[in-house]
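Take a look at the structure set out below.
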Protein chains: 2
Amino acid sequence: MNQSKQKVKEQFHRFLSKKRLKATLQRSLILDAFLDLDRSTHIDELYLVLRGRHHHIGHATVYRALRLFIAAGIAREIYLGDGLTRYQVDGQGQRRDYLVCNDCGTVTEFDNSSTERHQDEAARTMGFTVQSLKIELRGLCSRCLTQQS
Amino acid sequence: MNQSKQKVKEQFHRFLSKKRLKATLQRSLILDAFLDLDRSTHIDELYLVLRGRHHHIGHATVYRALRLFIAAGIAREIYLGDGLTRYQVDGQGQRRDYLVCNDCGTVTEFDNSSTERHQDEAARTMGFTVQSLKIELRGLCSRCLTQQS
DNA sequence: TTAGGTGCAAAGCCTTTGCAGGGAG
DNA sequence: CTCCCTGCAAAGGCTTTGCACCTAA
């Protein structure tokens with residue numbers, strides 16, 4: 001866990017050097033908070049975590065940092081339609097399949113590359129060049145199902 | 001085509017009666033415009049179509065009508081992350097696969113039910129109960145590809 | 001020293017809501 | 001005649017931008 005976190009941080013620093021951008025304290029703190037959450041989150045949650053750690057980082061800075069993480073290939077955006085943008089760690093695992101629980105809102109990811117290839121081919125036959133793919137399944141996770149709320 | 005449109009309109013009127021809601025001119029015009037587009041659209045496009053037909057319907061009314069169509073099972077929302085909510089006819093055709101062009105932004109839809117079943121099973125093995133599914137492919141449509149912008 | 005970064009507040013967008021007047025049942 | 005609906009404008013909520021001051025390299 002911490003090892004992969006370290007790797008991501010190194011990846012981020014390489015990205016910054018390459019782009020001649022700066023490694024600031026704020027970016028480091030935001031990245032820490034983001035990686036510690038280890039699940040999909042949104043700006044406001046991140047912002048509150050940082051305040052909880054007694055770091056007063058501006059709202060705009062958090063937004064800007066997340067955009068940077070996306071450019072660096074560290075984060076990925078998810079839109080679930082609740083009006084806010086969610087972010088998730090974009091590991092090498094190529095996870096692009098999301099299970100969104102309609103009850104608790106948890107986002108689980110899983111790999112399903114065979115289906116993805118299948119899908120990709122279908123698109124190509126329509127003259128469409130695929131650059132990225134996202135599969136979103138909505139329903140109830142096992143925990144919410146048993147709780148029968 | 002017009003036959004299915006007629007069916008949807010009847011479905012909507014049944015919904016209205018059942019809920020003791022009113023069949024107004026605006027709702028009828030908005031539903032016509034929505035069904036005529038026959039593809040995913042967003043409020044503003046619908047609004048412009050209506051203005052083009054010389055109907056001055058308020059923005060809020062269009063929003064309210066779309067929410068009603070959703071409640072009636074006629075429309076479905078789609079979120080692609082461009083900041084606006086898209087709507088699509090929720091017909092029996094069950095199209096839930098979207099090709100989003102990163103260049104021109106066009107959304108094309110296609111059926112791929114075999115893949116969807118495949119995906120559904122994968123989720124079930126993880127204890128997840130699927131209620132809806134969305135597959136989103138992003139890339140370049142054939143037209144933008146040839147224009148090589 | 002210099003290009004980039006931060007924070008604040010203001011502006012931008014899409015969407016929803018409040019309210020007074022209007023219309024379907 | 002009674003609810004429900006419409007339109008306008010204002011308010012809301014998330015995200016981006018402008019600007020002056022600061023800081024990593």
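Letters A, B, ... are given to chains in the order of the sequence lines, protein chains preceding strands, and every chain is numbered from 1.
Distance, B:Tyr47 OH to C:dT16 P: 16 Å, rounded to whole Å. Rounded to whole Å, the distance from CG on B:Leu16 to C1' on C:dG25 is 13 Å. In this structure, A:Arg67 places its CZ atom 15 Å from C1' of C:dG4, rounding to the nearest Å.
Contacts between residues 20-37 of chain A and DNA chain D, counted as heavy-atom distances below 4.0 Å, involve A:Lys22, A:Ala23.
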Output a table of nitrogen or oxygen pairs between the protein and nucleotides 12-15 of chain C separated by less than 3.5 Å.
unit_1 : atom_1 : unit_2  : atom_2 : d
C:dC14 : O3'    : B:Gly83 : O      : 3.4
C:dT15 : OP1    : B:Thr85 : N      : 2.6
C:dT15 : OP1    : B:Thr85 : OG1    : 2.7
C:dT15 : OP2    : B:Tyr63 : OH     : 2.4
C:dT15 : O5'    : B:Tyr63 : OH     : 3.2

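By the salt bridge (charged side-chain N to carboxylate O under 4.0 Å, His left out) test, B:Asp36 is found to be paired with B:Lys5, B:Arg53, residues two or more places apart in sequence or in another chain being considered.
In this structure, B:Tyr87 has its ring center at least 6.0 angstrom away from the ring center of B:His42.
Between B:Gln88 and B:Arg76, the side chains place a donor N or O and an acceptor N or O closer than 3.5 Å (distance only, hydrogens not considered).
Between the two ends of the helix from C:dT1-D:dA25 to C:dG25-D:dC1, each summarised by a five-pair axis, the helix axis turns through 40° (rounded to 10 degrees).
Using a 4.5 Å heavy-atom cutoff, the side chains of B:Val62 and B:Asp44 are not in contact. Looking at heavy atoms from C-beta onward, B:Gln11 lies in side-chain contact with B:Ile74 at the 4.5 angstrom threshold. A 4.5 Å side-chain heavy-atom check between B:Phe34 and B:Val49 finds every atom pair outside the cut-off.
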Full working for side-chain contact (heavy atoms from CB on, under 4.5 Å) between B:Tyr98 and B:Ile135: CA-CA 6 Å; B:Tyr98 308 100; B:Ile135 296 176; over 6 Å; no
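Judged by distance alone, the side chain of B:Thr41 and the main-chain N or O of B:Leu37 form no donor-acceptor pair under 3.5 Å.
In this structure, A:Tyr47 and A:His59 have parallel ring planes: the angle between them is below the 30° cut-off, well short of the 60° mark.
Along DNA chain D, the stretch of nucleotides lying under 4.0 Å from any heavy atom of chain B spans, 5' to 3', D:dC3 to D:dC8.
B:Tyr79 belongs to a hydrophobic cluster whose other members, connected by ILVMFWY side-chain contacts under 4.5 Å either directly or through intermediates, are A:Tyr79.
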